[in-house]
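Take a look at the structure below.
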Amino acid sequence: MDLTYTEEEEAFRARLRQWLAASLPELPPRPDPLDWPARRAYDTAWQRMLYDAGYAGLHWPEAAGGRGATPTQHLIYLEETEKAGAPYVGANFVGLLHAGPTIAAEGTPEQRARWLPPVLRGEEIWCQGFSEPDAGSDLAALRTRAVRDGDDYVVTGSKIWTSHAEVADWCELLVRTEPISEAVPKHRGITWLALPMDAPGVTVRPLRTLAGSTEFAEVFLDEVRVPAANRVGAENDGWRVTMVTLSFERGTAFVGEVVACRRTLAELAAVAKETGRWDDGAVRRQLGWLNAEFTALWRLTQWNVSESERTGGVPGTGGSVFKLRYSHARQELYDTAARVLGPDSLDLDRDWTLDKLSSLSYTIAAGTSQIQRNIVAERILGLPKGR
Amino acid sequence: MDFQPTKDQQALRAGMRDLLAARFDRQALRAAVERPGLDRALWQALGDAGFFALRLPESAGGVGLGLPEAVLVFEEAGRALLTGPLVATHLAAGSVAGAASGESVVTRVDGPLVAWLEEADHVQGDASGARAMRSVDPLTPLHRSRGTRTPEPEAVLLAAAEQLGSAGRCTELAVQHAKQREQFGRPIGAFQAVKHLCADMLVRTEVARAAVYAAAVTEDPYEIAGAKLLADQAAVRGARDCLQAHGGMGFTWEADVHLHLKRAWVRAEQWQTADEAAEVLASAL
């Protein structure tokens with residue numbers, strides 16, 4: 001049990017910190033959250049800066065154009081960028097954390113050469129076409145059909161809650177290539193395709209979230225022709241390919257945000273001291289409890305990372321344990337903020353109000369808490385499948 | 001950074017588990033419930049195995065290990081519901097004669113409660129005027145005292161490690177039962193309501209584990225307070241959920257679940273309570 005970093009890791013941290021201090025002032029002001037073209041420009045500019053400095057795709061394998069950094073270095077990267085107030089991965093989220101790693105792991109050399117460099121350089125944005133109106137957490141029930149016609153698949157159906165669809169160039173699309181039947185269980189017969197978002201027959205209709213923004217959209221697919229060469233993995237093997245993607249999502253996607261929550265908590269304590277709410281012992285102890293919570297979540301991250309470093313594999317089911325606890329802790333943080341801020345917590349011009357609203361998605365997105373509990377119970381604890 | 005236990009640490013933990021399986025199995029546990037009292041031979045065996053002298057330097061006749069190792073063996077003690085003033089005697093090794101070797105039983109006034117007062121050979125702190133109470137935990141005799149609490153971070157952490165062990169054991173017991181017990185023609189573990197109960201137990205245990213192990217490495221008093229807070233929660237809530245998963249059987253004296261719950265309550269009152277820990281953690285903000 002060791003929590004110290006090697007000299008090499010500390011040197012990596014020092015270089016990164018220095019670069020961040022020099023580079024962040026060059027970034028333009030943050031865009032309006034409602035202005036998607038501006039958000040895309042801002043996020044891709046940041047990605048380009050990372051690329052030029054050699055930090056793009058840090059944890060991707062070198063064969064995929066990444067830096068082949070160890071999970072510990074990736075952890076240091078997340079910690080330092082958050083501490084420095086650097087932008088989040090933003091619109092590059094799906095490309096860098098889902099589609100990219102999936103293509104790196106499962107794609108052909110041609111596919112890696114076509115799709116990975118533009119993600120790393122911040123030139124192309126990806127979105128995720130997984131969920132459907134009747135297939136959200138029950139992903140295997142998806143119904144968007146793809147029928148082979150010569151060198152193309154012809155795709156018809158619709159996707160929903162598709163983040164970044166408004167500005168995406170590509171969509172990692174799950175389609176059904178074999179109808180569900182007694183012979184074909186529903187998680188079979190699914191295929192992973194890279195869909196160009198400008199293909200004829202693709203219609204994007206932004207959805208407004210409860211926070212008032214258009215974080216995601218509906219995507220309608222009307223006889224869209226997708227070249228068969230855009231298929232990653234074998235036909236009908238998309239479920240397994242997708243599981244590769246999801247283990248990345250649950251394993252690493254929220255890690256940097258724990259650091260952000262610790263910073264928000266410190267700010268909240270400062271506000272409580274200014275306004276006198278600190279004198280209320282119940283509020284004060286609740287803040288103390290959150291301190292324990294987010295410190296432990298950071299330690300749990302280090303535990304999971306050092307475990308995956310030992311096994312040398314992709315992040316495992318430990319990601320579900322983390323996601324379950326973190327998504328609820330984040331909501332508790334904003335409930336506590338409301339206790340501290342009182343009426344001000346209802347002011348949409350307060351920074352925290354929008355964050356509070358967006359925190360409501362954390363127990364739903366990337367597999368609801370209920371689905372995560374099933375995963376923990378069945379895959380870690382070995383309880384029988386059932387309802 | 002390799003936060004996982006080393007091979008030596010894994011071997012130490014396995015050794016402690018084997019020792020307890022041989023000397024304090026379920027039969028011994030239930031016998032202790034029926035005939036309360038400290039098993040001096042077992043205490044001596046723990047001393048011989050280095051349980052109390054674990055962190056004493058080798059030059060002083062100890063094992064020369066650190067807090068991470070102590071946390072692992074105390075976690076095993078918690079799993080097995082091992083009885084006696086384990087933390088107080090461990091802390092007294094090196095300062096109270098016979099504590100390190102397991103020849104003496106040492107208790108300490110660690111607040112308004114004193115455990116094992118009548119069985120102890122040495123009492124640290126002022127226990128004058130202490131009154132015996134009918135302890136809720138049949139395996140921990142308690143006295144009420146006028147003592148004030150002086151939580152030593154190491155004591156707080158070792159108690160947290162015991163809570164962690166108890167939380168882990170309760171998760172196992174609930175899962176075992178949920179796989180075996182059939183209702184409506186299927187194991188109850190196939191029902192989502194039971195599954196989610198078990199999943200939450202595991203999540204609380206694993207979060208507490210990260211906190212306890214990290215605090216053992218850093219020895220940071222704020223992290224130690226956090227470890228106790230989360231381990232108390234994991235142990236108390238875990239035992240309650242385990243009881244629930246056992247249904248009617250869980251409410252009986254025959255099931256071990258109530259013993260875990262009662263001990264978890266006792267430990268939650270010892271060394272540092274949740275409110276005290278939360279105040280410490282707030283003071284760090």
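Values below: all heavy atoms of this structure, side chains included; hydrogens, waters and symmetry mates excluded. Numbers restart at 1 for each chain; the letters A, B, ... are given by sequence-line order, proteins then strands. Computed from a prediction, not measured in an experiment: that's the story for all the values here.
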Cationic N near anionic O, under 4.0 Å, B:E206 to A:R325
no
Closest-packed option against chain B by number of heavy-atom pairs under 4.5 Å, given A:Q370, A:K273, A:Q286:
A:Q370
For B:K195 and A:P384, indicate whether the former's side chain and the latter's backbone hold a donor-acceptor pair under 3.5 Å.
yes
Under the side-chain contact (heavy atoms from CB on, under 4.5 Å) rule, what do A:E293 and B:L230 come out as? Steps first, then yes or no, please.
CA-CA 8 Å; A:E293 189 74 16; B:L230 295 172; 3.7 Å; yes
Does B:M1 form a side-chain contact (heavy atoms from CB on, under 4.5 Å) with A:L75? I'd like the steps, not just the answer.
CA-CA 11 Å; B:M1 183 195 75; A:L75 207 60; 4.2 Å; yes
Under 4.5 Å to a heavy atom of chain B? For A:L324 that would be side chain
Distance, nearest 0.5 Å, that separates CD1 of A:I380 from CG of B:L202:
5.5 Å
Between atom OG1 of A:T295 and atom OH of B:Y222, what is the distance when rounded to the nearest 0.5 Å?
12.0 Å
Atom CZ of B:R186 and atom NZ of A:K385: how far apart are they, to the nearest 0.5 Å?
13.0 Å
Greater than 12 external heavy atoms within 6.0 Å of B:Q176's CD:
yes
For A:W289, the option from B:L281, B:D275, B:L229 that meets side-chain contact (heavy atoms from CB on, under 4.5 Å):
B:L229
Between CG of A:L383 and CD of B:Q192, what distance do you get to the nearest 0.5 Å?
12.0 Å
Against chain B, work out which of A:R262, A:R373, A:E378 has the most heavy-atom pairs shorter than 4.5 Å and name it.
A:R373
Most contact-rich option vs chain A, by heavy-atom pairs under 4.5 angstrom, among B:A215, B:A284, B:A199, is B:A199
Is A:W278 in contact with chain B via its backbone, its side chain, both, or neither, using a 4.5 Å heavy-atom distance?
side chain
Does any backbone or side-chain atom of A:A269 lie under 4.5 Å from a heavy atom of chain B? Answer side chain, backbone, both or neither.
side chain
Residue pair B:T6 / A:D2, side-chain heavy-atom distance below 4.5 Å:
no
Under the criterion side-chain contact (heavy atoms from CB on, under 4.5 Å), I'd like the reasoning laid out for A:L290 against B:L285: C-alpha separation, chi angles, the key distance, then a yes or no.
CA-CA 10 Å; A:L290 285 167; B:L285 287 172; over 6 Å; no
Top of A:A292, A:A377, A:S306 for chain B proximity - count of heavy-atom pairs under 4.5 angstrom
A:S306
A:M1 backbone acceptor or donor facing B:Q9 side chain under 3.5 Å
yes
